[in-house]
Engineer: 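This structure is in structure tokens; I'll ask about it shortly.
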There are 2 protein chains.
Amino acid sequence: MENPEPDLVPTRLAGLPSWLITQTAVRAGRLVADGLAAVDARGYHFRLLATLDEFGPASQAALGRRSGIHVSDVVAALNELAEREFVTRSPDPADRRRNIVTITAAGRRQLRRLEKRLAAVQDDLLAPLSPDERADLTRLLSRVLAHHTRPPV
Amino acid sequence: MENPEPDLVPTRLAGLPSWLITQTAVRAGRLVADGLAAVDARGYHFRLLATLDEFGPASQAALGRRSGIHVSDVVAALNELAEREFVTRSPDPADRRRNIVTITAAGRRQLRRLEKRLAAVQDDLLAPLSPDERADLTRLLSRVLAHHTRPPV
DNA sequence: TCCGATCGTTGGTGACACTAACGTTAGCGC
DNA sequence: GCGCTAACGTTAGTGTCACCAACGATCGGA
């Protein structure tokens with residue numbers, strides 16, 4: 001929806017892996033945002049719903065760790081999800097500091113919708129690559145990401 | 001410098017290429033930002049200096065197109081660069097709407113410093129990959145990016 | 001000469017990641 | 001049992017990047 005006719009890109013940038021990754025991420029982010037916006041959601045919402053669906057009810061802190069979202073941002077995103085009844089928050093009887101967050105049936109339906117949108121986005125995003133190449137890319141990125149997720153330091 | 005001990009990540013996320021790309025970009029962005037911050041700069045500054053050095057003096061609009069930065073953001077970033085005398089702005093005698101932006105000697109020195117930092121960042125970022133794999137990743141990302149840069153629509 | 005396009009600039013917005021501070025609560029060491 | 005530390009949820013604020021709308025000035029083609 002933008003990108004005002006880019007001129008040729010400096011090779012100093014185009015050759016930098018960090019630039020390639022972040023720029024590709026910008027494009028990917030746009031596609032994702034557009035896809036999710038059609039269902040009135042954004043990345044945080046999907047990540048939280050997917051995490052809840054996969055691991056079951058959890059505290060907000062656990063949700064944050066698993067989805068990679070900061071606890072303080074989890075609060076805001078859950079407020080929005082709860083307002084639309086995609087999720088319920090109830091105090092943990094066993095630990096009064098905690099909330100137990102649970103996905104609702106409506107939340108699961110919303111998640112299905114989001115997943116459908118995102119599947120289309122993947123296809124759009126990786127359009128120029130063959131299935132083998134897509135697998136290669138996924139493999140390489142996973143390795144890089146894993147390396148920086150649990151720094152061997 | 002953060003990442004508070006991530007729990008296991010949902011496979012629903014870990015398998016999504018769009019997620020892999022954006023998450024890897026977050027890590028890359030952190031490394032880049034840290035590297036540049038050490039010289040009191042950020043991404044926009046490097047991109048502008050590199051573009052200027054590669055293509056020579058240019059108008060702000062041209063700079064924006066080549067570096068992929070919105071014109072309005074170019075203004076702010078150039079203000080910061082000009083304040084530190086890394087760049088000079090002079091009116092274009094041939095077109096009074098335009099400014100001609102030129103990189104200074106100090107700007108070139110700063111660019112060298114930034115490039116040095118970024119080279120180290122690339123190595124850190126791609127540490128788990130062999131040279132061949134790094135080339136593969138670069139190739140794949142370039143293809144994806146090219147496809148979304150000039151939409152074939 | 002008019003009109004549309006371009007240029008620089010200002011002043012916003014939104015998503016995402018992240019930080020600091022706070023009161024509450026749990027659980028461990030002693 | 002008591003005190004300290006750590007974890008929890010929440011609020012409020014920051015920085016980067018990308019983007020949008022509007023403006024006056026200027027240019028260039030019809």
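Letters go in sequence order (proteins before strands), and every chain restarts at 1. Since we're looking at a predicted model, the values are computed, not measured.
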Engineer: Could I get the full list of side-chain contact (heavy atoms from CB on, under 4.5 Å) partners for D123(A), not counting sequence neighbours?
Structural biologist: R134(A)
Engineer: As a test of reading the structure: which of dA12(D), dA21(D), dG8(C) is closest to the side chain of V75(B), going by heavy atoms?
Structural biologist: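 Among dA12(D), dA21(D), dG8(C), the one nearest the side chain of V75(B) is dG8(C).
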Engineer: Give a yes/no answer on whether the side chain of R65(B) brings an N or O atom under 4.0 Å of OP1 or OP2 in dT6(C).
Structural biologist: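 No, no such contact exists.
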Engineer: Where is the tightest heavy-atom contact between T22(B) and G29(A), given as atom of each residue plus distance?
Structural biologist: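 Minimum heavy-atom separation between T22(B) and G29(A): CG2-N, 4.4 Å.
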Engineer: Can you name the residues that form a side-chain contact (heavy atoms from CB on, under 4.5 Å) with P57(A), not counting sequence neighbours?
Structural biologist: I100(A), T102(A)
Engineer: Nearest whole angstrom, please: distance from the C1' of dT16(D) to the CG of D73(B).
Structural biologist: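 Between C1' of dT16(D) and CG of D73(B): 10 Å.
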Engineer: Are any of the side-chain heavy atoms of K116(B) and R112(B) separated by less than 4.5 Å?
Structural biologist: no
Engineer: Applying a 4.0 Å non-hydrogen cut-off, can you work out what V26(A) is touching in the nucleic acid: base, sugar-phosphate, or nothing?
Structural biologist: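 Sugar-phosphate: the residue V26(A), judged by heavy atoms under 4.0 Å, touches backbone atoms but no base.
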Engineer: Nearest whole angstrom, please: distance from the P of dG8(C) to the CG of L81(B).
Structural biologist: 15 Å
Engineer: State which residues pass side-chain hydrogen bond (donor to acceptor under 3.5 Å, both in side chains) with E80(A); sequence neighbours excluded, sorted by chain then number.
Structural biologist: R42(A), H45(A)
Engineer: Looking only at side-chain N and O atoms, does Q23(B) come under 4.0 Å of OP1 or OP2 in dA17(C)?
Structural biologist: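 Result: yes.
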Engineer: Can you list the residues that meet the side-chain contact (heavy atoms from CB on, under 4.5 Å) rule with T104(A), with sequence neighbours excluded?
Structural biologist: T88(A), A106(A)
Engineer: Please enumerate all residues that pass salt bridge (Lys or Arg N to Asp or Glu O under 4.0 Å) together with R97(A), with sequence neighbours excluded.
Structural biologist: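 So R97(A) forms a salt bridge (Lys or Arg N to Asp or Glu O under 4.0 Å) with D95(A).
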Engineer: Starting from Watson-Crick (N1-N3 plus N6-O4 or O6-N4) and G-U wobble pairs under 3.5 Å, report the runs of at least three that DNA chain D belongs to.
Structural biologist: C:1-30 with D:1-30
Engineer: For R113(B), what residues pass the side-chain hydrogen bond (donor to acceptor under 3.5 Å, both in side chains) criterion, not counting sequence neighbours?
Structural biologist: Q110(B)
Engineer: Atom CG of L78(B) and atom P of dT10(C): how far apart are they, to the nearest Å?
Structural biologist: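 For the pair L78(B) CG and dT10(C) P, the rounded distance is 12 Å.
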Engineer: Going by the rule side-chain hydrogen bond (donor to acceptor under 3.5 Å, both in side chains), which residues pair with N99(B) if we only count those two or more places apart in sequence or in a different chain?
Structural biologist: Q60(B)
Engineer: What residues from residues 35-61 of chain A pass a heavy-atom cutoff of under 4.0 Å to DNA chain C?
Structural biologist: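 Listed by number, they are R42(A), G43(A), Y44(A), R47(A).
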Engineer: L63(A) CG to dT10(D) P: how many Å, rounded?
Structural biologist: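 Between P of dT10(D) and CG of L63(A): 12 Å.
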Engineer: Roughly how many Å is it from CG in D92(B) to P in dT26(D), rounded to a whole number?
Structural biologist: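 It works out to 13 Å between those atoms.
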Engineer: Considering only heavy atoms and no angle criterion, is a donor-acceptor pair shorter than 3.5 Å present between the side chain of T22(A) and the base of dC17(D)?
Structural biologist: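 Donor-acceptor pair under 3.5 Å: no.
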Engineer: Quick one: L31(B) CG to dT16(D) C1', roughly how many Å, whole number?
Structural biologist: 15 Å
Engineer: For R12(A), give me all partners under side-chain hydrogen bond (donor to acceptor under 3.5 Å, both in side chains), at least two apart in sequence or on another chain.
Structural biologist: D53(B), E115(B)
Engineer: Which nucleotide in the list dA12(D), dC8(D), dT9(C) gets nearest to the side chain of S72(A)?
Structural biologist: dA12(D)
Engineer: Under 4.0 Å between a side-chain N/O of R27(A) and OP1 or OP2 of dC17(D), yes or no?
Structural biologist: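 False: R27(A) side-chain N/O out of range (4.0 Å or more) of dC17(D) OP1/OP2.
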Engineer: Between residues 93-103 of chain B and DNA chain D, which residues have a heavy-atom gap below 4.0 Å?
Structural biologist: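 Output list: D95(B), R96(B), R97(B).
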Engineer: Over how many whole Å does the gap from D34(B) atom CG to dG15(D) atom P extend?
Structural biologist: 15 Å
Engineer: How close or far is atom P of dC17(D) from atom CD of E80(B), stated in whole angstroms?
Structural biologist: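 One finds 10 Å between P of dC17(D) and CD of E80(B), rounded.
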Engineer: Atom CG in L137(B), atom CG in L140(A): separation rounded to 0.5 Å?
Structural biologist: 5.5 Å
Engineer: With R139(B), which residues qualify under salt bridge (Lys or Arg N to Asp or Glu O under 4.0 Å), at least two apart?
Structural biologist: E133(A), D136(B)
